[in-house]
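Basis for what follows: all heavy atoms, side chains included, without hydrogens, waters or symmetry-related copies.
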Amino acid sequence: MIISNFLPQIIAVFCFVILTFSIPVRQKKITELCGKCLMPLRRVKSAAEQSSVENFSKIISMFFVCILVVAVTFFRRLGSVGTSVICAAAVLAFELAVRNYLLLKNSGIYEKGIYLQYPFILYEEIQSIPALLWEDADISEKLDFQIVMKNSANINLIFQNTEEARTVLNQIKKMRSDLVQG
């Protein structure tokens with residue numbers, strides 16, 4: 001009976017531990033999927049300036065904050081639904097923190113694709129870039145453009161500056177010259 005009263009908290013803590021220990025596995029999977037990094041793209045300057053130890057310490061801090069959120073449910077009578085919702089929200093927050101850490105650490109132009117935001121975009125999965133098809137389009141000054149994937153998904157890439165956008169677009173053109181209408 002005691003275990004059933006604390007089941008959401010136990011599951012949440014178990015999920016935190018699994019997510020924490022999955023970081024190296026997820027890092028390895030990203031490295032295998034992407035290939036060699038041709039050019040890193042840092043999404044936030046402050047994160048680029050920080051060491052990986054400092055960034056990882058933020059993940060550990062988030063781990064403890066989420067544990068504290070779950071610990072609050074031990075002292076408040078929220079009912080099983082309220083407790084479950086708070087525990088699920090804490091787990092989702094920690095997952096987002098881990099995903100953001102991996103994105104900041106790995107964003108860049110790779111041999112097999114671009115990791116600029118979630119998900120990883122393989123060059124071979126790109127069906128078209130509508131902005132390249134417009135005759136009067138001056139995409140050299142744009143901070144965003146849309147990519148149409150072969151599975152019919154549309155991904156909007158948003159950049160911090162025009163140089164980053166131009167670099168990514170040139171790399172896509174280089175790897176997929178069939179996308180450029182000439």
Side-chain angles (χ1 to χ4, degrees), residues 1-122 125 143-144 146-147 149 151 153-161 164 168:
M1 176 143 167
I2 291 176
I3 290 179
S4 65
N5 290 341
F6 300 118
L7 191 59
Q9 294 97 328
I10 293 169
I11 291 171
V13 171
F14 182 71
C15 289
F16 294 145
V17 172
I18 287 177
L19 285 171
T20 302
F21 286 112
S22 75
I23 292 173
V25 174
R26 292 164 81 172
Q27 176 65 43
K28 184 178 178 185
K29 183 179 175 186
I30 289 170
T31 305
E32 289 172 358
L33 177 67
C34 300
K36 182 182 173 192
C37 183
L38 303 175
M39 183 180 136
L41 298 171
R42 296 293 178 207
R43 305 303 295 156
V44 179
K45 289 186 179 184
S46 62
E49 295 167 357
Q50 294 175 353
S51 69
S52 60
V53 173
E54 291 172 359
N55 285 333
F56 191 71
S57 67
K58 288 180 182 179
I59 291 295
I60 299 302
S61 300
M62 187 67 174
F63 175 82
F64 288 115
V65 166
C66 289
I67 291 287
L68 286 174
V69 168
V70 171
V72 166
T73 63
F74 283 110
F75 305 109
R76 304 291 293 177
R77 295 199 185 267
L78 301 171
S80 60
V81 174
T83 301
S84 298
V85 168
I86 289 177
C87 290
V91 170
L92 288 174
F94 188 62
E95 164 59 21
L96 288 174
V98 169
R99 191 178 286 184
N100 189 43
Y101 165 74
L102 291 170
L103 181 64
L104 286 174
K105 184 176 179 186
N106 297 302
S107 64
I109 300 173
Y110 289 85
E111 290 175 324
K112 298 178 184 176
I114 300 166
Y115 194 61
L116 188 61
Q117 57 199 38
Y118 195 79
F120 177 70
I121 301 170
L122 288 167
E125 293 297 317
L143 290 177
D144 66 324
Q146 185 180 55
I147 294 178
M149 305 299 286
N151 65 0
N154 293 333
I155 298 175
N156 291 315
L157 295 179
I158 301 169
F159 304 96
Q160 288 186 320
N161 55 52
E164 185 180 80
V168 170

Original post:
Within a strict 4.5 Å, meaning less than it, do heavy atoms of the Met62 and Val98 side chains meet?
Top reply: no
Original post:
Taking C-beta and beyond as the side chain, do Val70 and Phe16 meet within less than 4.5 Å on heavy atoms?
Top reply: yes
Original post:
For the residue pair Phe63 and Val17, what are the closest heavy atoms and their distance?
Top reply: CE1-N, 4.1 Å
Original post:
Do Glu125 and Asn151 touch side chain to side chain, with heavy atoms closer than 4.5 Å?
Top reply: no
**OP:** Rounded to the nearest 0.5 Å, what's the gap from CD1 on Ile114 to SG on Cys34? Could you check?
**Re:** 10.5 Å
Original post:
Quick one: are Leu19 and Arg26 in side-chain contact, heavy atoms under 4.5 Å?
Top reply: yes
Original post:
Which pair of heavy atoms, one from Glu32 and one from Lys112, lies closest together, and at what distance?
Top reply: O-NZ, 3.5 Å
**OP:** Report the relative orientation of the aromatic rings in Phe74 and Phe6; use parallel for angles under 30°, tilted for 30 to 60°, perpendicular for over 60°.
**Re:** tilted
Original post:
Is the closest side-chain heavy-atom distance between Ile121 and Ile155 below 4.5 Å?
Top reply: yes
Original post:
Rounded to the nearest 0.5 Å, how far apart are OG1 of Thr83 and CG of Leu7?
Top reply: 11.0 Å
Original post:
Looking only at heavy atoms, which two atoms of Tyr115 and Asn106 are closest? And how far apart?
Top reply: CD2-O, 3.6 Å
**OP:** State the CZ-CD1 distance between Phe94 and Ile18, to the nearest 0.5 angstrom.
**Re:** 11.5 Å
**OP:** Please round to the nearest 0.5 Å and tell me the distance separating atom CD of Glu95 and atom SG of Cys66.
**Re:** 11.0 Å
Subject >> Separation of Ile30 CD1 from Ser107 OG (nearest 0.5 Å) >> reply: 10.5 Å
Subject >> Check against side-chain contact (heavy atoms from CB on, under 4.5 Å), Tyr110 and Leu33 >> reply: CA-CA 10 Å; Tyr110 289 85; Leu33 177 67; over 6 Å; no
Original post:
Do you know which two heavy atoms are closest between Val69 and Ala90, and how far apart they sit?
Top reply: CG1-CB, 4.2 Å
